[in-house]
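Remember, predicted model here, so these are calculated numbers, not experimental data.
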Amino acid sequence: MIYLKTDEEIELMRESNLLVARTLGEVAKWIAPGITTLKLDQIAEEFIRDNGGIPGFLGYGGFPNTLCISVNEVIVHGIPSSATLQDGDIVSVDCGAIKNGFNGDSAYTFCVGEVDEKVKDLLRTTKEALYIGIEQAVEGNRIGHIGNAIQDYCEHRGYSVVREMTGHGIGRKLHEDPMVPNFGRRGVGPLLKDGMCIAIEPMINMGSKNIIIERDGWTCRTKDRKPAAHFEHTIAIRKGKADILSSFEFVENELKDKLI
C-alpha cells in the first residue's frame with residue numbers, strides 16, 4: 001500500500017532528512033586515509049542522538065550499525081569495521097535517521113585522497129543520474145519514468161545498473177511501497193501522485209551489473225570487483241517539480257575544492 005503524506009507530514013519528513021544531511025556533513029569532515037569505517041559510524045550515531053534523532057538503520061532487520069559504509073566494489077549495505085580507508089578508495093556512506101516519527105534517508109559517495117579519474121567519472125555520472133531521475137518524479141508520471149531516465153543516462157556512458165537493489169517509498173517506515181528501480185520503461189509502474197514520498201538511489205557499476213551478497217547477509221558487492229557508486233535523495237512528489245527533502249549542501253560545504 002502506498003501512503004500519501006499531508007503537507008504537515010512532509011515538513012516533518014524534511015526535518016528528519018535535514019538531520020541526515022547534517023550527519024553526512026559531519027561525517028564528511030572525517031573522511032581521509034587512515035580512519036576506520038567504525039569510527040565514522042560512531043561519529044554519525046553520536047551526532048544523530050545529540051540532535052534529537054534515532055539512528056534509522058541501527059537494528060533494522062538486524063543491521064548492526066548506524067551507517068551503511070560501502071568501499072570500492074561494495075555497492076550498498078557495507079558493515080562498518082576496524083578496516084581503514086586508503087588513499088584512492090571511494091566510499092558510499094548511507095545514513096538514516098528517525099525524527100518526529102518519520103524516517104530520513106540519503107547517501108553520498110566520497111573520494112578518499114587522490115582517486116583515479118575514471119572512477120571519478122563513475123561517481124559524477126551516478127550523481128548526475130540521481131538528479132535526472134528526480135526530474136521525472138512528478139505527479140502524473142509513473143515509477144518507470146524515473147528508472148528509465150537513470151538507466152538510459154548511465155548505460156549510454158558505458159556503466160551498468162544494479163537490478164536487485166532499488167529505491168523505495170519512505171515515511172513512518174524506512175521501506176514502504178513502491179519499489180523504485182533504477183531501470184525500466186517509461187509509462188510502467190505505479191502512478192506518481194502528489195504526497196508520495198520516495199527515496200531515489202542510483203547504484204551504478206563500472207563493470208558488470210551482476211552482484212554478490214557476502215556471507216554476512218548484508219554486504220552487496222560487484223561480482224567482478226570493479227568499483228560501484230551510490231547517491232540517494234528522499235523526495236516528495238509534487239505537481240510540476242519534485243521537492244527534494246534531503247540535501248547534499250552540508251557535505252559539499254565540507255568538500256569545497258574536493259568536489260567531483
Side-chain angles (χ1 to χ4, degrees), residues 10-58 65-71 76 78 80 85 89-113 115 120 123-135 137 167 170-171 174 197-203 229-236 241-260:
I10 288 171
E11 291 311 309
L12 292 175
M13 287 190 64
R14 197 185 309 278
E15 285 189 37
S16 55
N17 279 282
L18 182 61
L19 176 54
V20 169
R22 292 173 58 214
T23 304
L24 288 173
E26 185 67 20
V27 170
K29 298 176 184 178
W30 294 83
I31 289 179
I35 195 165
T36 69
T37 55
L38 191 58
K39 177 65 175 176
L40 297 177
D41 187 75
Q42 291 165 349
I43 290 165
E45 179 175 0
E46 183 176 335
F47 188 88
I48 290 168
R49 294 190 189 281
D50 285 351
N51 286 276
I54 300 168
F57 297 170
L58 183 61
N65 293 89
T66 292
L67 297 177
C68 294
I69 302 183
S70 306
V71 182
V76 286
L85 296 180
D89 285 346
I90 57 170
V91 55
S92 160
V93 180
D94 193 351
C95 180
I98 304 166
K99 194 171 183 181
N100 307 311
F102 287 92
N103 283 270
D105 190 6
S106 183
Y108 197 95
T109 300
F110 297 87
C111 293
V112 183
V115 171
K120 284 184 179 180
L123 269 60
R124 202 173 290 118
T125 297
T126 306
K127 184 180 171 188
E128 289 166 355
L130 169 61
Y131 288 100
I132 285 168
I134 289 171
E135 287 176 5
I170 185 170
L174 177 60
C197 291
I198 59 175
I200 301 175
E201 48 180 321
M203 290 159 269
H230 175 220
F231 288 84
E232 177 182 20
H233 272 316
T234 294
I235 68 155
K241 186 178 181 181
D243 184 1
I244 302 176
L245 304 179
S246 49
S247 174
F248 293 155
E249 176 187 358
F250 300 94
V251 164
E252 295 180 346
N253 283 345
E254 291 298 329
L255 297 180
K256 295 176 183 173
D257 59 338
K258 298 178 184 176
L259 283 174
I260 56 171

Discussion item. Quick check: do Ser70 and His230 have side-chain heavy atoms less than 4.5 Å from each other?
Written reply: no

Discussion item. Show the nearest heavy-atom pair for residues Val27 and Ala44, with the distance to one decimal.
Written reply: CG2-CB, 4.0 Å

Worksheet item: Are Thr109 and Thr126 side-chain neighbours, meaning at least one heavy-atom pair lies under 4.5 Å?
Response: no

Worksheet item: With a 4.5 Å heavy-atom cut-off, do Tyr108 and Ile31 have their side chains touching?
Response: no

Worksheet item: Under 3.5 Å, side chain of Asn17 to main-chain N/O of Asp105, donor-acceptor pair present?
Response: yes

Discussion item. Contact between Phe110 and Leu40 at the side-chain level, heavy atoms closer than 4.5 Å - yes or no?
Written reply: no

Worksheet item: If you look at every heavy atom in Val93 and Leu67, which pair is closest and at what distance?
Response: CG1-CD1, 3.8 Å

Response to the item:
When every non-hydrogen atom of Ala32 is compared with those of Val112, the smallest separation belongs to C-CG1, 3.8 Å

Worksheet item: Between Ile260 and Cys111, what is the shortest heavy-atom contact and its length?
Response: CG2-SG, 3.6 Å

Discussion item. Any heavy-atom pair between the side chains of Asp94 and Glu201 that's under 4.5 Å?
Written reply: yes

Item to complete: Could you tell me whether Glu46 atom CD has more than 12 heavy atoms of other residues or ligands within 6.0 Å of it?
Response: no

Worksheet item: Do Met13 and Ile170 have side-chain heavy atoms sitting under 4.5 Å apart?
Response: yes

Worksheet item: Is there a donor-acceptor contact under 3.5 Å from the side chain of Asn103 to the main chain of Gly171?
Response: yes

Worksheet entry | Nearest heavy atoms of Ser247 and Ala21, plus distance in Å | O-CB, 3.2 Å

Worksheet item: Within a strict 4.5 Å, meaning less than it, do heavy atoms of the Ile48 and Cys95 side chains meet?
Response: yes

Worksheet item: Closest approach of Phe231 and Lys127, non-hydrogen atoms and distance?
Response: CD1-N, 3.7 Å

Practice prompt. Please answer whether the main-chain N or O of Glu232 pairs with a side-chain N or O of Ser106 as donor and acceptor at a distance below 3.5 Å.
Written response: yes

